[in-house]
Amino acid sequence: MEYNFREIEKKWQKFWEENKTFEVEVDESKPKYYVLDMFPYPSGAGLHVGHPLGYIASDIYSRYKRLKGFNVLHPMGYDAFGLPAEQYAVKTGQHPAITTDNNIKRYKEQLEKIGFSYDWSRELRTCDPDYYKWTQWVFIEMFEHWYNNKNSKAEPINELIEIFEKEGNKSIDASCNEEMIFTADNWNAKTEKEQQKTLLNYRLAYLADTMVNWCPELGTVLANDEVKEGFSVRGNHPVIQKKMKQWSLRISAYAERLLNDLEKLEWTDSLKEIQRNWIGRSEGAEMIFKVKGQDLGMEIFTTRPDTSWGVTFMVLAPESDLVEKVTTSDYKKQVEDYVNETKKRSERERMADAKTVSGQFTGGYALNPLTNEEIPIYISDYVLMGYGTGAIMAVPGHDSRDFKFARYFELPIIQVVVKEGEEPTDPATWEDSYDSKEGRMANSGFINDLNVNEAIEKAINYIEEEGIGERKINYRLRDAIFSRQRYWGEPFPVYFKEGIPYTLSKENLPLELPEVDAYLPTEKGEPPLGRAINWKTEDGYPIELSTMPGFAGSSAYYLRYMDPKNNDTLVSKKVNEYWQDVDLYIGGTEHATGHLVYSRYWNKFLYDIGWVCKDEPFKKLINQGMIQGRSNFVYRIKGANEFVSYNLKKDYDVTPIHVDVNFVSNDILDTEAFKNWDPEYKEAKFILEDLPDGKAGGKYICGYAVEKMSKSLYNVVNPDDIIEQYGADTLRMYEMFLGPLEMSKPWDTNGIDGVFKFLRKFWKLFHDEQNNFNISDETPSEIELKVLHKTIKKIQEDIERFSFNTSISAFMICVNELTDLKCNKRKILEPLTILLSSFAPHITEELWQKCGNSESISCAKFPELDEKYLVESTYEYPVSFNGKMRFKIKLPIDIDAKEAENRVLTNEQAQKWLEGKTPRKVIFVPRKIINIVI
RNA sequence: GCCCAGGUGGUGGAAUUGGUAGACACGCUGGACUUAAAAUCCAGUGGCCAUUGUGGCCGUGCGGGUUCAAGUCCCGCCCUGGGUACCA
């Protein structure tokens with residue numbers, strides 16, 4: 001029988017489904033292992049060949065762990081809320097639920113063809129009310145907790161209220177929005193409404209006026225990670241800054257833990273680095289500069305309090321509340337004009353303009369608390385409201401932006417740091433500020449002559465002693481904006497009473513997404529939920545109109561997979577204690593600052609309140625590389641319907657045109673398919689390569705380029721087509737064979753034949769020349785056992801370090817060797833089949849069954865490595881002279897250095913290279929090399 | 001600007017701890033089988049030079065260095081990809 005992959009793959013996919021082969025339950029008798037893929041957003045385009053790369057890798061690892069005796073949880077689901085389905089709904093009127101459902105069906109069909117070992121009974125989708133009930137539930141929990149900095153932990157808001165009632169808030173160290181000190185009496189005298197307003201400043205999920213990224217085109221606010229260089233990540237629309245009342249999650253409270261706990265994780269250094277930069281910890285001091293003639297302080301943050309003697313002016317962000325207060329009447333008009341101008345400019349414009357200096361003097365002066373000198377206060381858009389305090393002390397001598405500003409407005413520049421061993425120079429002669437991370441202090445009072453690090457310490461201590469300010473650690477990480485003015489997302493379980501938000505009772509969850517007549521804002525400019533009929537509580541209070549963002553549903557999905565059908569809780573304690581956390585998480589690096597930060601935060605919160613037993617969700621994480629497209633080009637002669645082959649194009653004036661890669665194989669164009677592609681090319685003529693005999697009329701060779709895989713570049717390859725032609729086992733192995741998992745690489749179908757040939761060769765080992773199944777029960781020879789055990793060792797090591805491309809070449813070597821040995825012995829082929837089964841599950845199930853096994857091969861045991869078959873009695877040493885390999889010599893494995901030297905030097909070939917000289921030195925490295933120095 | 005990866009034949013890549021550079025494939029060339037094609041099988045394939053054969057020199061982005069020995073370690077540069085940014 002020939003290797004009929006179509007029949008075999010269908011048969012075993014059906015078998016796994018019917019026998020629930022991969023469904024798992026809590027089983028205390030076995031160790032657990034949790035392998036997770038980042039679940040996909042089911043887009044309308046379906047999967048291309050790049051998407052399954054990570055899924056294949058995780059599936060190989062899952063199947064391997066199962067063979068090793070682990071109880072493996074390996075689920076799949078869909079991140080189903082999101083913008084594209086909603087935009088499609090706006091265009092066509094089709095309900096996003098229907099679009100999403102169709103897309104999911106297509107995804108699942110495609111995924112099932114690849115033969116993954118998912119436990120499909122645990123499948124979940126974030127748009128399912130039974131699922132988002134728990135997203136809403138966690139939101140309510142966050143609303144009901146505050147962050148206690150003293151314990152570095154989230155605690156119930158009720159306990160906070162008790163403290164307020166007894167002693168006010170003076171002993172509280174909370175992560176909160178700006179808050180005045182109040183006493184117990186103050187608190188108790190507040191009305192319910194006032195108390196609720198105050199509590200909102202403490203809640204981990206809070207409603208507040210915030211500067212937000214507003215995207216007018218999408219009609220919604222976006223989180224920082226959803227904006228890149230002033231444009232929305234989805235759709236690439238301009239984004240502006242705007243103050244709006246929005247829900248936020250107090251993720252900044254967790255900044256320190258999110259940063260420190262990175263050390264515990266087995267993630268790549270580059271990914272940890274991205275998160276470290278995103279969290280952006282900087283150490284320094286917060287200082288207060290008094291405003292001259294007013295009872296008013298300007299709070300600033302600096303990492304360099306040592307340069308305080310070099311401060312010659314102050315700058316406020318135009319959006320700062322202080323602007324109005326410090327501005328004198330003489331400058332009111334100019335300041336207002338400048339503020340209005342900045343407001344009009346988008347973030348993008350401000351950035352593009354980074355080189356032009358702009359700003360405005362306010363007329364106000366501040367007092368430098370260290371020197372008591374008067375310094376002018378300016379406003380400028382190079383100071384951002386969102387970082388630090390929205391105000392800076394400017395040190396033009398040692399900061400390039402301050403330097404440019406000082407030059408422009410002709411403000412004084414003072415040098416306070418001098419490079420070691422140099423003398424101060426006149427700043428008037430400088431072309432730029434002097435980078436001052438190292439050096440010695442000058443012109444700086446009592447810290448003169450100290451080096452920078454000592455000076456920083458001494459300055460901070462002084463500032464604290466004098467009550468000017470305090471040591472402070474600042475984070476770049478902002479609270480996560482949690483409202484979206486969209487339809488297709490989780491509704492907030494929140495209603496408003498006198499404008500104050502209250503959460504629904506948990507018994508009433510899920511709060512289901514209501515029907516609307518259109519997926520657009522209302523005439524009043526409210527979000528689409530403003531169109532919902534009767535969108536209020538039983539008591540008639542209005543319900544929140546925004547919905548939650550995409551990352552809400554993906555923040556705890558890994559927990560829900562553990563216990564997906566539980567109606568009483570997100571995940572039961574017992575189940576959580578068994579599965580614990582994700583042992584291996586595979587997905588793209590694009591989630592580094594979004595999902596991977598949010599879900600760590602979400603998980604830490606659930607850990608604080610005792611719902612989960614691990615404070616980090618993903619122990620080990622691997623980022624698979626992107627599969628890029630490999631586009632092909634034809635070269636059209638300008639003004640003609642004639643195409644010239646790649647190597648001849650230099651003689652013509654041509655335009656390169658993308659051609660569908662499915663008409664091209666090994667860069668050779670199928671000219672007939674090309675003619676039929678588009679009526680425009682029906683009459684196309686071709687100038688072909690020369691044949692070897694010099695005559696024209698050979699092939700049409702296309703050019704190529706590596707680009708993004710995209711429909712518009714005609715370089716999309718659909719896994720369904722590959723499976724139809726070669727089978728899923730070939731697809732799986734070829735995707736792994738392409739190169740290291742983490743590396744980005746172009747998809748090139750050309751090499752796939754090699755893998756396909758390998759599987760057929762493997763199949764042939766089990767069959768005789770007439771294609772009859774034929775294996776022997778003879779005892780294997782030493783050499784056959786050596787081939788097998790060499791392969792067991794290599795495969796095991798490679799899988800453990802996720803080096804799947806090298807495992808595949810090891811399989812190829814093994815099958816080539818067994819073919820040469822004409823080995824068809826059961827004792828060799830059965831263990832080899834198990835080894836291969838995580839990579840190529842269908843063909844191995846089939847052969848396993850033909851060998852007479854009744855159970856699925858996934859229930860087999862991974863073959864034991866026996867080192868005794870690998871023991872060698874000799875080793876072939878490479879012998880090099882002055883580092884250059886010259887010949888090889890076979891020597892006993894246990895030979896000592898002296899004996900080896902003897903044997904080598906007396907060797908005939910060595911004589912030739914010694915040229916009669918005596919070697920100066922002989923280096924003998926056992927089982928490695930012999931090097932002779934002459 | 002700053003931070004992180006990476007640069008090896010015609011192509012994808014291998015070399016796990018400093019120890020034989022180019023495993024395994026693709027492609028290409030030649031051959032067998034065939035009326036022919038496909039499939040399959042066999043041989044060759046880093047570059048240059050020499051040759052009846054044995055062979056020699058060069059070679060892992062560039063320039064230096066350490067070492068008996070460097071793709072691998074160190075210093076300086078160039079290039080590609082990714083992250084991030086008026087971050088005080």
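Computed over heavy atoms, backbone and side chain alike; hydrogens, waters and symmetry mates excluded. The chains referred to below are lettered A, B, ... by the order of the sequence lines, with proteins before strands, and numbering in each begins at 1. Remember, predicted model here, so these are calculated numbers, not experimental data.
- Searching all strands for a Watson-Crick or G-U wobble partner of B:C26 with both distances below 3.5 Å returns B:G10.
- The partner of B:U67 cannot be assigned: no Watson-Crick or G-U wobble pair with both contacts below 3.5 Å exists in any strand.
- The A:Leu384 side chain lies nearest to B:A88 when the options are B:A88, B:U20, B:C24.
- Here the separation of B:U80 from B:C42, taken at their C1' atoms, is 41 Å to the nearest Å.
- Across B:U20, B:C26, B:G12, the shortest atom-to-atom separation from the side chain of A:Phe737 is found for B:G12.
- For B:C75 and B:G22, the P atoms lie 29 Å apart once the distance is rounded to whole Å.
- Note on A:Leu738: only backbone sugar-phosphate atoms sit closer than 4.0 angstrom, heavy atoms only; bases stay farther off.
- With no hydrogens or angles considered, no side-chain donor-acceptor pair links A:Tyr64 and A:Gln796 at under 3.5 Å.
- Geometric assessment of A:Arg600 against the ring of A:Trp267 yields a positive cation-pi assignment under the 6.0 Å and 45° thresholds.
- Across all strands shown, the partner of B:G76 is B:C62, judged by Watson-Crick or G-U wobble contacts whose two distances both fall under 3.5 Å.
- Close to B:C58, at under 4.0 Å from its OP1 or OP2, lies a side-chain N or O of A:Lys884.
- Nucleic acid contact class of A:Ser809 (heavy atoms, under 4.0 Å, all strands): base.
- Residue contacts shown for A:Arg630 are absent, as no nucleic acid heavy atom lies under 4.0 Å away.
- Spacing between atom OH of A:Tyr734 and atom C1' of B:A25 amounts to 9 Å, rounded to whole angstrom units.
- A cation-pi arrangement is found for A:Arg630 relative to A:Tyr704, the charged atom lying closer than 6.0 Å to the ring centre and inside a 45° cone about the ring normal.
- Spacing of C1' atoms, B:U67 relative to B:C79, comes out at 29 Å, to the nearest Å.
- No contact: A:Met393 has no heavy atom under 4.0 Å from any strand.
- Nearest nucleotide to the A:Met885 side chain, out of B:A88, B:G13, B:U20: B:U20.
- Pairing for B:A32 is with B:U40, a Watson-Crick or G-U wobble pair whose two hydrogen-bonding atom distances lie under 3.5 Å.
- A distance of about 10 Å separates the P atoms of B:G71 and B:G61, rounded to the whole Å.
- Within the structure, a side-chain polar atom (N or O) of A:Arg476 is placed less than 4.0 Å from OP1 or OP2 of B:A85.
- Between A:Tyr877 and A:Phe924, the ring planes lie tilted relative to each other; the angle falls in the 30° to 60° range.
- Across the strands present, B:G53 finds no partner; the criterion is a Watson-Crick or G-U wobble pair with both atom distances under 3.5 angstrom.
- Comparing B:G12, B:C3, B:C57 by their closest approach to the side chain of A:Arg886 singles out B:C57.
- Atom-to-atom, NE2 of A:His398 to C1' of B:A88 comes out at 15 Å; the value is rounded to the nearest Å.
- A donor-acceptor contact shorter than 3.5 Å links the side chain of A:Asp402 to the backbone of A:Val395.
- Comparing B:G30 with B:A38, their P atoms are spaced 13 Å from each other, to the whole Å.
- Of the two residues contacting RNA chain B, namely A:Thr302 and A:Tyr875, the nearest-nucleotide position lying further toward the 5' end is that of A:Tyr875.
- When the C1' atom is compared between B:G27 and B:G9, the two are found 12 Å apart, to the nearest whole Å.
- The side chain of A:Arg801 lies closest to B:U16 when the candidates are B:G19, B:U16, B:C87.
- The distance from atom CZ of A:Arg401 to atom C1' of B:C87 is 7 Å, rounded to the nearest whole Å.
- A syn orientation is assigned to B:G9, its glycosidic angle lying within 90° of 0.
- Taking the side chain of A:Val925 as heavy atoms from C-beta on, and the options B:C4, B:A25, B:G19, the nearest nucleotide is B:G19.
- Side-chain contact between A:Glu817 and A:Lys790 is present, with heavy atoms from C-beta onward closer than 4.5 Å.
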| Can you list the steps and then say if A:Tyr726 with A:Phe5 is a ring pair (Phe, Tyr, Trp, His ring centres under 6.0 Å)? | CA-CA 8 Å; A:Tyr726 297 98; A:Phe5 58 85; 7.8 Å; no
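- For A:Lys794 against B:U16, a side-chain-to-base donor-acceptor contact under 3.5 Å is present.
- Under a 3.5 Å cut-off, the side chain of A:Thr268 and the backbone N or O of A:Leu271 do form a donor-acceptor pair.
- Comparing B:C2 with B:A70, their P atoms sit 33 Å apart, to the nearest whole Å.
- For A:Trp747 and A:Tyr734, the distance between ring centers is under 6.0 angstrom.
- At a threshold of 4.0 angstrom between heavy atoms, the contacts of A:Val933 are confined to the sugar-phosphate backbone, with no base atom among them.
- The backbone N or O of A:Gly359 lies less than 3.5 Å from no partner atom in the side chain of A:Ser380, so there is not a single donor-acceptor pair.
- Within the nucleic acid shown, A:Asn474 has no heavy atom closer than 4.0 Å to any nucleic acid atom.
- Per the geometry, CD1 belonging to A:Ile668 stands 19 Å off P belonging to B:G10, to the nearest Å.
- Mapping A:Arg760 and A:Val755 onto RNA chain B by nearest heavy atom places A:Val755 at the nucleotide closer to the 5' end.
- At the heavy-atom level, A:Phe758 lies nowhere under 4.0 Å from the strands shown.
- When Watson-Crick and G-U wobble pairs are counted only if both distances are under 3.5 Å, B:G1 pairs with B:U84.
- Look at NZ on A:Lys928: it is 7 Å from C1' on B:U17, rounded to the nearest Å.
- Look at CG on A:Asp667: it is 9 Å from C1' on B:U11, rounded to the nearest Å.
- Among the nucleotides B:A85, B:G13, B:A23, the one closest to the side chain of A:Trp278 is B:A85.
- If you measure from atom CD1 of A:Ile752 to atom C1' of B:C24, you get 16 Å, rounded to the nearest angstrom.
- Which of B:U20, B:U16, B:C4 sits closest to the side chain of A:Pro878 comes down to B:U20.
- Between A:Lys921 and the phosphate of B:A69, there is no side-chain N or O to OP1/OP2 separation shorter than 4.0 Å.
- Taking side-chain N and O atoms only, A:Asn805 has a distance below 4.0 Å to OP1 or OP2 of B:A14.
- Of the candidates B:C24, B:C4, B:C68, B:C68 carries the atom nearest the A:Ile923 side chain, counting heavy atoms from C-beta on.
- Across the P atoms, B:U11 and B:G47 are found 12 Å apart, a figure rounded to whole Å.
- Within the nucleic acid shown, A:Ile274 comes within 4.0 Å of sugar-phosphate atoms alone, with no base atom in reach, counting heavy atoms only.
- Distance from the side chain of A:Thr806 is smallest for B:A14 among the nucleotides B:A25, B:A23, B:A14.
- Within the 4.0 angstrom heavy-atom criterion, only backbone atoms of the sugar-phosphate kind lie near A:Pro740; the bases stay farther away.
- Using a 4.0 Å heavy-atom cutoff across all strands shown, A:Asn750 reaches sugar-phosphate atoms only and no base atom.
- For A:Tyr3 and B:U40, the OH to C1' distance is 18 Å, given to the nearest whole Å.
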